[in-house]
Amino acid sequence: MRASDLPLSYNAVDIVERNLPQRADKTALLTADREVTFGQLQAELNRAGNALRGSGLRQGECVAIALPDSVEWVSAYFGAIKIGAVALSLNTLLTPGEFAYMLRDARARIAIVHESLLRKMADIRGQVPSLRQVVVVGASGGGASDAGTSDGSESGGEQTDGDISWDAWLAEQPGHCAAATTHREDICCLNYSSGTTGEPKGILHAHKDLPLTAALWGVGVLGLTESDRTFAAAKLFFTFGTGGNLIFPFYVGASAVLLAGSPRVAANVLETVDRFKPTILYNAPTGYAMTLAVDGFQEKYDLSSLRLCVSAGEALPAPLWERWKDATGLDIIDGIGSTENYHIFLSNRPGDIRPGSSGKPFSGYELRLVDDDGTDVPAGDVGNLWVKSETASLSYLHCFDRSRATFRGEWLVTGDKYRIDEDGYYWHAGRSDDMLKVGGIWVSPVEVESTLIAHDAVLECAVVGERDQANLVKPTAFVVLTEGQEPGDAMAETLTAHCFANMAGYKRPRRIVFVAELPKTATGKIQRYKLRSEPE
Ligand code: 3UK
């Protein structure tokens, strides 16, 4: 499939509505507390679209979604897309400062927020002048007074229209909503991704990218069909989750299972599989490793509904693939994806898997391995991976320099190093920057270092990736303490608590090593490579 196969005027709400009327009564979403059919989902997303319009959101404007995976997340997302707005999916684990930056950068006018995240929102309301309304989703269905955020315009922001509960917001809305006429290349969604330094970059995707990735990888590689039922431990706010657990299943008329709780608790994932019987499971390598660590999980939980597993976010080591296969009998399809490409662009495929590798190119994605001058490297050498596709974003939002470095005409620079073996399988060979993928999520060593250094006891520090028993990367901090400070477990605990308080907890160093000094060059630059236990 090519972008030109879609009509010029295309709205990605089609991903839901293509299932109507023939599957109106089929289950679209299953969650612990709600189950909705395609017909019910359409009515709810229509009400959300009307409510967004009623709140003054116009085509091209941004609505932020900060919710756990839920029917409301999906209705808000497709409601926004249907009226031609831009759905900004927020990572719910981020700090208020990161929320504020993203909402400001995207000029979000409305934020749909779970009540458990209102505290974060309350702290930053005054820093987001564009924000006019907060819609609160939560068990209490609470309404404006619960939010406690209504006076948040101290830095001269516009007068807000006040907060409202999701239920009240949708209550009066009709179940029909006219779709905005959108160009297939209009932007429909926005996700932020972090870099080594500086602020996170907004990655824009167009309506066309959703059906295209669904057709190219979801159908073309994974072979999804209407009889599948997907479940992703990866959250909907990552495009790994949005694509794998929403866009692709709906594209073929399959159902999706959503987990509101943390996927970092292996039991949550196992219970969800046991209860809802998905056929496809998406997880990051860490998720598979954590599951394998649960004693006797195969006996305790019924996994027999699964036909296939998918791994992405970071490389899946071959021994982990083998252990999963031995324990469950299931194959894992490892594919590398990126938010810039929307989803997976190089992948193993059912029946053609080389454990430890990222598989082979597939239709829709052309790949090159080049040296630092952009010249193709000789066969077998490690090179920088460039990708050409029609699902790539065209630029970052408000990042001229970083956009020019990444989006080079038809080619997208991934930042990944790869080698091709004699049989044509691609092997990940690290990053060309210092970025770490921890549990499938970006961690910038520079950000962790800046957080640690802000603590009085820390004189200087360096953060590097270290491999754990499952051969997966975790951040380790080498710390030099200020005079008079005592190294030891108590200090490590103090610094870990400091990290939890000042940045998203998953970025914290899992090991803190106290050293008298850090290795440095003659010019005083920290030699991170000397701290890494293995050469890159
Ligand atoms: C790394 C991998 C080796 C790689 C993603 C599937 O991870 C996703 O998107 P992000 O923007 O990060 C992209 C970067 O992550 N990576 C991802 N998958 C693999 N490295 N093997 C893998 N299988 O450095 C890449 O450049 O967070 C993954 C689908 C959608 C996604 N957004």
Side-chain angles (χ1 to χ4, degrees), residues 89 91 93-94 189-196 200-205 209-210 212-214 216-218 221-222 230 232-248 282-288 309-318 320-321 332-349 353-360 365 367 384-387 389 391-393 396 402 406 412-419 425-444 465 471-473 504 506-507 536:
S89 313
N91 176 342
L93 305 169
L94 297 179
C189 60
L190 173 59
N191 290 77
Y192 280 82
S193 180
S194 37
T196 328
K201 312 162 290 214
I203 298 174
L204 301 155
H205 276 286
D209 301 341
L210 280 47
L212 264 180
T213 45
L216 295 173
W217 185 81
V221 175
L222 196 59
T230 63
K235 292 288 165 195
L236 290 173
F237 58 71
F238 297 117
T239 63
F240 181 31
T242 346
N245 208 28
L246 186 62
I247 309 303
F248 306 168
Y282 303 86
N283 214 338
T286 317
Y288 292 108
C309 299
V310 176
S311 174
E314 60 185 311
L316 178 75
L320 195 48
W321 192 98
I332 305 181
I333 303 294
D334 183 8
I336 176 175
S338 71
T339 315
E340 284 83 345
N341 272 307
Y342 194 75
H343 213 265
I344 290 174
F345 54 85
L346 163 64
S347 182
N348 285 283
R349 55 168 64 231
I353 299 174
R354 180 153 295 182
S357 84
S358 303
K360 290 180 175 176
Y365 296 87
L367 307 181
N384 303 306
L385 180 66
W386 289 17
V387 189
S389 80
T391 68
S393 173
Y396 297 123
R402 286 190 284 177
T406 300
L412 189 150
V413 177
T414 63
D416 293 292
K417 295 196 172 289
Y418 264 89
R419 170 179 71 75
Y425 295 91
Y426 282 60
W427 292 78
H428 194 247
R431 295 273 315 164
S432 50
D433 51 27
D434 279 328
M435 291 297 285
L436 307 177
K437 262 310 185 86
V438 181
I441 316 181
W442 286 126
V443 174
S444 160
N471 208 21
L472 300 171
V473 171
Y506 64 83
K507 299 175 183 172
E536 286 262 304

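Counting convention: from 1, in listed order, for ligands and their atoms alike. The model shown is predicted, which means the values in this text are computed figures rather than measured ones. We use all heavy atoms of the structure for the numbers below, so side chains are in, but hydrogens, waters and symmetry mates are not.
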>> Does the plane of the ring in Trp217 sit parallel, tilted or perpendicular to the ring in Phe248? Use 30° and 60° as the thresholds.
In response: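 If you compare the ring of Trp217 with that of Phe248, the planes turn out tilted.
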
> Where's the contact between Ile336 and ligand 1, heavy-atom distance under 4.0 Å: side chain, backbone, both or neither?
Replying inline: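 The answer is both, backbone and side chain.
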
> What part of Arg431, side chain, backbone, both or neither, has a heavy atom within less than 4.0 angstrom of ligand 1?
Replying inline: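 Answer for Arg431: side chain.
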
> Contact between Phe238 and ligand 1, counting heavy atoms under 4.0 Å?
Replying inline: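 No, Phe238 has no heavy atoms under 4.0 Å from ligand 1.
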
> Going by heavy atoms, is Gly415 under 4.0 Å from ligand 1?
Replying inline: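 For ligand 1, residue contact (heavy atoms, under 4.0 Å) with Gly415 is absent.
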
> Do you know the tightest heavy-atom contact between Ser389 and Asn341?
Replying inline: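 Closest pair (atom of Ser389, atom of Asn341, distance): OG-OD1, 3.4 Å.
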
Minimum-distance protein heavy atom relative to [atom]:
atom                    : value
atom 4 (C) of ligand 1  : Asp416 OD1, 3.1 Å
atom 32 (N) of ligand 1 : Thr239 OG1, 2.9 Å
atom 14 (C) of ligand 1 : Trp442 CZ2, 3.3 Å
atom 27 (O) of ligand 1 : Lys437 NZ, 3.1 Å

> Between Thr239 (side chain) and Tyr342 (backbone), is there a donor-acceptor pair under 3.5 Å?
Replying inline: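 It does hold such a pair.
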
> Are the side chain of Asn348 and the backbone of Arg354 linked by a donor-acceptor contact shorter than 3.5 Å?
Replying inline: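 Here the side-chain-to-backbone pair exists.
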
Examine [X] against ligand 1 and note whether any of their N/O atoms are separated by less than 3.5 Å.
X      : value
His343 : no
Gly313 : yes
Ser311 : no
Ser193 : no
Gly335 : yes

>> Can you confirm whether the side chains of Tyr418 and Ser358 place a donor and an acceptor under 3.5 Å from each other?
In response: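 The criterion, which ignores hydrogens and geometry beyond distance, is satisfied for Ser358 and Tyr418.
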
> Under 3.5 Å, is there a donor-acceptor pair between the Tyr396 and Ser193 side chains?
Replying inline: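 No donor-acceptor contact under 3.5 Å links the two side chains.
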
Side-chain touch [X]/[Y], heavy atoms, less than 4.5 angstrom:
X      : Y      : result
Arg419 : Tyr426 : no
Tyr506 : Val443 : yes
Leu222 : Tyr282 : yes

For ligand 1, which atoms have a heavy atom of [X] less than 4.0 angstrom away?
X      : answer
Thr339 : 9 (O), 10 (P), 11 (O), 27 (O), 32 (N)
Ala315 : 3 (C), 20 (N), 21 (N), 22 (C)
Tyr342 : 30 (C)

> Nearest non-hydrogen atom to atom 13 (C) of ligand 1 belongs to which of Pro285, Gly337, Gly243?
Replying inline: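 It is Gly337 whose heavy atom sits nearest to atom 13 (C) of ligand 1.
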
> Relative to Tyr425, does Lys360 satisfy both conditions: NZ or CZ under 6.0 angstrom from the six-membered ring centre, and within 45 degrees of the ring's axis?
Replying inline: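 Checked: cation-pi criterion met.
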
>> To the closest 0.5 Å, what do you measure between NE2 (His343) and CG (Leu210)?
In response: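 The NE2 atom of His343 sits 10.5 Å away from the CG atom of Leu210.
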
